[in-house]
Structure formats: C-alpha cells, structure tokens
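See structure below.
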Number of protein chains: 2
Amino acid sequence: MQEAVQNILKKNQLSITGSRVRILELFLEQQGALAHGDIERRTGEKFDRVTVYRTLQVFLNKGIIHSIPTSDNSVLYALCKDDCGEGHHHDNHVHFVCDKCGNTLCLEDVTVPAIRLPKGYKFSQIQVIVNGRCKDCNRD
Amino acid sequence: MQEAVQNILKKNQLSITGSRVRILELFLEQQGALAHGDIERRTGEKFDRVTVYRTLQVFLNKGIIHSIPTSDNSVLYALCKDDCGEGHHHDNHVHFVCDKCGNTLCLEDVTVPAIRLPKGYKFSQIQVIVNGRCKDCNRD
DNA sequence: ACACAGATGCAACTTTGTTGCAAAATAATT
DNA sequence: AATTATTTTGCAACAAAGTTGCATCTGTGT
C-alpha cells in the first residue's frame, strides 16, 4: 500500500508529502468516491482545508482522480484505475450512487451506451449516473 | 406566457406571487437550464437571495423543475415538460451541456439507454450528462 | 373588507471555496 | 551530509453559497 501510493506520486512527478500520501491512502482503502468533506473528516482535520483543496486539484490535473457530478451540489472524487494509458481521458464513466448507504462507485466494466443526439449536436464526453441499491444494501 | 405561468402555479396549488411568476417566466423564456446565480442576475436582484432559494426549493418539490448534476459543483435547474403525468418522476433524463456556450438543456426526446449493471445492483434512476457542442455552436 | 395562511425580506450565521504570503518541508546539487 | 533551490503547507483574510428564525407583508378565501 505504502509502496503503491509512492509509485503513483512518483509516476506523476509529485513530491511525496504527508497530505498527498494520506489522501491517496484514503482513496485506496475505500474503493468508492469521496467528497471533500469526507476527506477532511477521515484525516481528522490533520491537514488544512486549503491543503486538501489544493491536493485534490493537483490529483485532478494529473488525472489521478476524476470528479463525479451529483445532483445535490456536492462534488465527489474517485480514483482512476491506474492502468489508464497516456491518452486516456476518463471520458466515459458510469457511476453508481447507492440511495441507501450513499456510497458512490465507478463501474469501470460497464460500458457507456451509444446515445443518438439530435441533428447538429456533437458530443465529446458522456457521463452516466445510476441511482439505486448497491450489492450490499440489496440483501435486506 | 403570463397565462401559462399562472396555470402552472395554480395547478400546483401555489399562490401567485411576484418572484414565482418572474422565475417561471425566466425558465420559459430560455429553454435551458439555469443556475441559482443566473436567476439572481436575470431578475436584477429584485428578489432576496433567500426568496430565490426557497422558490426553487418549492418548484423542485412540486416537480415543476428538476436539478441537473454538474461536475463543477454548480446546481442547475431546468423546467420539466408540463405534460408530465401524475406518476411521472422525471427519473430518466439526458442532459446536454455545451462546452462552448455553457448552455445546458434537457433532451427530452432522447431515450435513456438500457444499462447492464453488475450482479446484485438494482437501479431506480439513470441520468446521462452529455458534453459537447450544441447546434448553435457547431456552425463555426 | 377581513382574517388567516403562506410568502417575503432582513439579519445573522454556517459552510464551502479562493488567494496571497511567509514559514516549513521536500527535492536537487554539490 | 550540508546547502541551496523548489514545492508545498498553513495561516489569515476574504468571497461566495446556502440556511434559519422571526417579524412583516401579500395573496387567498370567506
């Protein structure tokens, strides 16, 4: 784990600092999306709010994480699969938001369907947000 | 137009007030999505910020408008087609966000494609956000 | 015209996000 | 290993976005 984190940072030419390591660990631990607030809480407010913002921004720019749109005005961030090649833009994603536990995850193996747009429209990226019950919450 | 606005309000058992009428008009004029800030600006700050928030909240509850998830942490609102029946939940929407002009619109006539979820997952609602160039911005 | 319910505006506050700058930590160099 | 150069961090101050309680005003039904 430690090593995995360091590799990611090195590969992206980022210096290895406490906050970056800790935040990356969080993403690796919980395979799901995190909001800025989650991160602050789970790091025990050890890092300044500004640092968390900036760290997320850096990760976004480097393509280490991507952001997920939600309808309730909260931005979620999730780790990108590390086998993304150079040219990969994380364009097409299917995200699943569980209505019960609130967990959000990135369904990497579900393909984004083709969508027929009206004449004159050209698309560059498609995001799909699926709400429902996740595997774990569907047992009851 | 005046009449259309009043009909919508009456149908939803809402009293006809200045802010509600004006905000509904805005939505009808521009067939596209509006952010809270847009509304404040376009009404010339005539109404209190709180009133705008509350008005949008009421419209949301009544199902007159719906909210659109965006990746940049801004909530957009768009009018629901008024021919929505009672049982209609505005569940499945395709939204188009133009990368150039920023306009966001609700593609009502594009059907949301079926998505195959992994085992154990059940969905209740699917939203699709398409980024790209809209009809008007595609001319150049 | 009147009374009641509901909507508005104000003030104060919380939460969320941003910016500039000095201090501290990391990386590079010798 | 010590020193310098480069990044990153935390602080403070601020800006923007959103919420709440309450007194006042407005729209609606009688």
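What you see is a predicted model; the values in this text were computed from it and never measured.
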- Decide whether B/V97 and A/V75 are clustered together by the hydrophobic rule: side chain heavy atoms of Ile, Leu, Val, Met, Phe, Trp, Tyr closer than 4.5 Å, transitively. no

- Nearest-neighbour nucleotide for the B/R54 side chain, C/dT18, D/dC22, D/dT8 considered: D/dC22

- Query: Is it true that B/L24 and B/Y77 fall in one hydrophobic cluster, defined by side-chain heavy atoms closer than 4.5 Å?
  - Reply: yes

- Distance, nearest 0.5 Å, that separates CZ of B/F96 from NZ of A/K122: 10.5 Å

- In whole Å, what is the span from the CZ atom of B/R22 to the C1' atom of C/dA7? 19 Å

- Note on the structure: Separation of D/dA17 atom P from B/L56 atom CG, nearest Å, is 14 Å

- Task: In whole angstrom, give the distance that lies between atom NZ of B/K10 and atom P of D/dG27.
- Result: 14 Å

- Item | Donor-acceptor pair (no angle test) under 3.5 Å: B/R49 side chain, C/dG9 base | no

- Would you kindly give the CD-to-P distance between B/Q57 and D/dA17, to the nearest whole Å? 17 Å

- Checking side-chain contact (heavy atoms from CB on, under 4.5 Å) against B/L34, which of B/E40, B/R42, B/R41 comes through? B/R42

- Hey, which sits more toward the 5' end of DNA chain C by its nearest nucleotide, B/V50 or B/L14? B/L14

- Query: Is the CD atom of B/E29 crowded by more than 12 outside heavy atoms at less than 6.0 Å?
  - Reply: yes

- Query: What does A/R20 touch in the nucleic acid at a heavy-atom separation under 4.0 angstrom: a base, only the sugar-phosphate, or nothing?
  - Reply: sugar-phosphate

- Does A/T17 or B/T17 map to a spot on DNA chain D nearer the 5' end, using the closest nucleotide for each? A/T17

- Find the distance B/Y53:OH to C/dC10:C1' and express it as a whole number of Å. 16 Å

- Query: According to a strict under-4.0 Å criterion, is B/S15 in side-chain N/O contact with OP1 or OP2 of D/dT26?
  - Reply: no

- Message: From CD of B/Q13 over to P of C/dA7, roughly how many Å is that when rounded to an integer?
- Response: 11 Å

- Message: Please report the distance, rounded to the nearest Å, between NZ in B/K46 and C1' in C/dG9.
- Response: 14 Å

- Whole-Å distance between C/dC13 C1' and B/D48 CG? 15 Å

